[in-house]
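Side-chain atoms are counted along with the backbone in the values below, which use heavy atoms only and exclude waters and symmetry mates. The structure presented is a predicted model; accordingly, all values stated were derived computationally and were not measured.
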Amino acid sequence: QVQLVESGGGLVQAGGSLRLSCAASGRTSSSYAMGWFRQAPGKEREFVARISRSGDKTYYADSVKGRFTISRDNPKNTMYLQMNNLKPEDTAVYYCAADRETFFTTIPQSYDYWGQGTQVTVSS
């Protein structure tokens with residue numbers, strides 16, 4: 001079991017930056033690949049980024065590639081999402097998730113544990 005808690009969301013103007021954090025407790029987070037998802041009102045939850053257990057492999061949705069960076073600090077049991085050049089269409093609740101499997105997937109149902117989410121709002 002692992003518990004996940006996101007933080008760092010807020011209101012930012014277009015072009016601005018935010019850094020989200022996901023703190024893990026319980027079983028060590030290095031046992032899991034980790035990911036970020038987001039869900040805007042009226043839309044399905046969508047994949048944003050994923051990082052391997054050791055942090056040596058990262059994957060991004062095309063919509064955020066070049067603007068967002070996922071990273072993790074295993075000794076601190078924390079994962080991050082640095083979001084730069086934010087756009088109004090990035091507005092959503094952002095969730096972190098943990099996956100016991102090692103193969104890459106963007107499907108939310110494949111992830112085993114979820115945080116409660118943090119709101120990111122980008123004004124134009």
Side-chain angles (χ1 to χ4, degrees):
Q1 278 273 2
V2 62
Q3 294 77 43
L4 304 173
V5 178
E6 303 94 336
S7 61
L11 173 63
V12 64
Q13 288 188 332
S17 298
L18 282 174
R19 188 175 82 153
L20 305 184
S21 298
C22 174
S25 61
R27 188 173 177 181
T28 177
S29 64
S30 61
S31 300
Y32 302 88
M34 303 286 291
W36 287 98
F37 288 77
R38 65 187 182 187
Q39 189 166 17
K43 295 188 176 182
E44 293 187 352
R45 192 167 297 190
E46 66 171 357
F47 169 78
V48 174
R50 177 183 169 102
I51 189 165
S52 63
R53 293 175 179 178
S54 65
D56 63 335
K57 296 182 178 66
T58 57
Y59 310 88
Y60 297 93
D62 287 342
S63 59
V64 306
K65 203 171 291 183
R67 299 188 298 122
F68 290 11
T69 303
I70 189 172
S71 62
R72 67 190 299 167
D73 185 337
N74 283 341
K76 293 184 178 179
N77 277 338
T78 304
M79 176 180 66
Y80 305 97
L81 185 68
Q82 178 66 43
M83 305 186 294
N84 297 329
N85 190 21
L86 282 160
K87 304 176 181 180
E89 51 263 43
D90 294 318
T91 295
V93 177
Y94 283 70
Y95 298 90
C96 68
D99 183 4
R100 288 175 292 193
E101 301 295 338
T102 58
F103 58 86
F104 169 62
T105 178
T106 63
I107 302 173
Q109 291 83 352
S110 297
Y111 289 72
D112 302 288
Y113 304 102
W114 292 85
Q116 82 291 348
T118 185
Q119 176 70 47
V120 171
T121 303
V122 184
S123 63
S124 57

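Both Tyr111 and Tyr95 are members of a single hydrophobic cluster when ILVMFWY side chains are connected at heavy-atom separations under 4.5 Å. Side-chain heavy atoms closer than 4.5 Å link hydrophobic residues (I, L, V, M, F, W, Y) into clusters, and following such links, possibly through other members, connects Phe37 to Tyr59. In terms of hydrophobic clustering, with Ile, Leu, Val, Met, Phe, Trp and Tyr side chains grouped at heavy-atom distances under 4.5 Å, Val93 and Trp114 are assigned to a common cluster. Hydrophobic clustering (ILVMFWY, side-chain heavy atoms < 4.5 Å, transitive): Val12 and Leu81 are in one cluster.
Residues Ser21 and Thr78 come closest through the heavy atom pair CB-CG2, 4.3 Å. Nearest heavy atom pair, residue Ala14 against residue Ser124, reads CB-CA, 4.4 Å. In terms of heavy atoms, Arg53 sits closest to Ala33 at CG-N, 3.6 Å. Contact record, Gly9 with Leu20: N-CD2, 3.6 Å, taken as the closest heavy-atom pair. In terms of heavy-atom proximity, Leu4 sits nearest to Ala98 at CD1-N, 3.8 Å. The two residues Val2 and Tyr113 have their closest heavy-atom pair at CG1-CD1, 3.2 Å.
In this structure, Met34 CE and Thr58 OG1 are separated by 14.5 Å, a value rounded to the nearest 0.5 Å. In this structure, OG on Ser52 lies 11.5 Å from CZ on Phe104, to the nearest 0.5 angstrom. We find the CG-CD distance between Leu11 and Gln119 to be 9.5 Å, quoted to the nearest 0.5 Å. Atom-to-atom distance recorded for Glu6:CD and Cys22:SG is 5.5 Å, nearest 0.5 angstrom. Note that CG of Leu18 is 8.5 Å distant from CD of Gln82, once rounded to the nearest 0.5 Å. Note: Thr106 OG1 to Arg50 CZ = 9.5 Å, rounded to the nearest 0.5 Å.
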N/O donor-acceptor pairs under 3.5 Å from side chains in residues 38-47, not counting sequence neighbours:
{"unit_1": "Arg38", "atom_1": "NE", "unit_2": "Glu46", "atom_2": "OE2", "d": "2.6"}
{"unit_1": "Arg38", "atom_1": "NH1", "unit_2": "Asp90", "atom_2": "OD1", "d": "2.9"}
{"unit_1": "Arg38", "atom_1": "NH1", "unit_2": "Tyr94", "atom_2": "OH", "d": "2.9"}
{"unit_1": "Arg38", "atom_1": "NH2", "unit_2": "Glu46", "atom_2": "OE2", "d": "3.2"}
{"unit_1": "Gln39", "atom_1": "OE1", "unit_2": "Arg45", "atom_2": "NE", "d": "3.3"}
{"unit_1": "Gln39", "atom_1": "OE1", "unit_2": "Arg45", "atom_2": "NH2", "d": "3.4"}
{"unit_1": "Gln39", "atom_1": "NE2", "unit_2": "Lys43", "atom_2": "O", "d": "3.1"}

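Cation-pi geometry between Arg19 and Tyr80 is met: under 6.0 angstrom from the ring centre, within 45 degrees of the axis.
Without hydrogens or angle criteria, Gln116 side chain to Val5 main chain gives no donor-acceptor distance under 3.5 Å. In terms of modelled atom types and a separation under 3.5 Å, the side chain of Tyr60 and the main chain of Ile70 share a donor-acceptor contact. A side-chain donor-acceptor contact under 3.5 Å links Arg67 to the backbone of Asn85.
Considering only heavy atoms from C-beta on, Cys96 comes within 4.5 Å of Met79 through its side chain. You'll find the side chain of Leu86 reaches within 4.5 Å of the side chain of Phe68, heavy atoms only.
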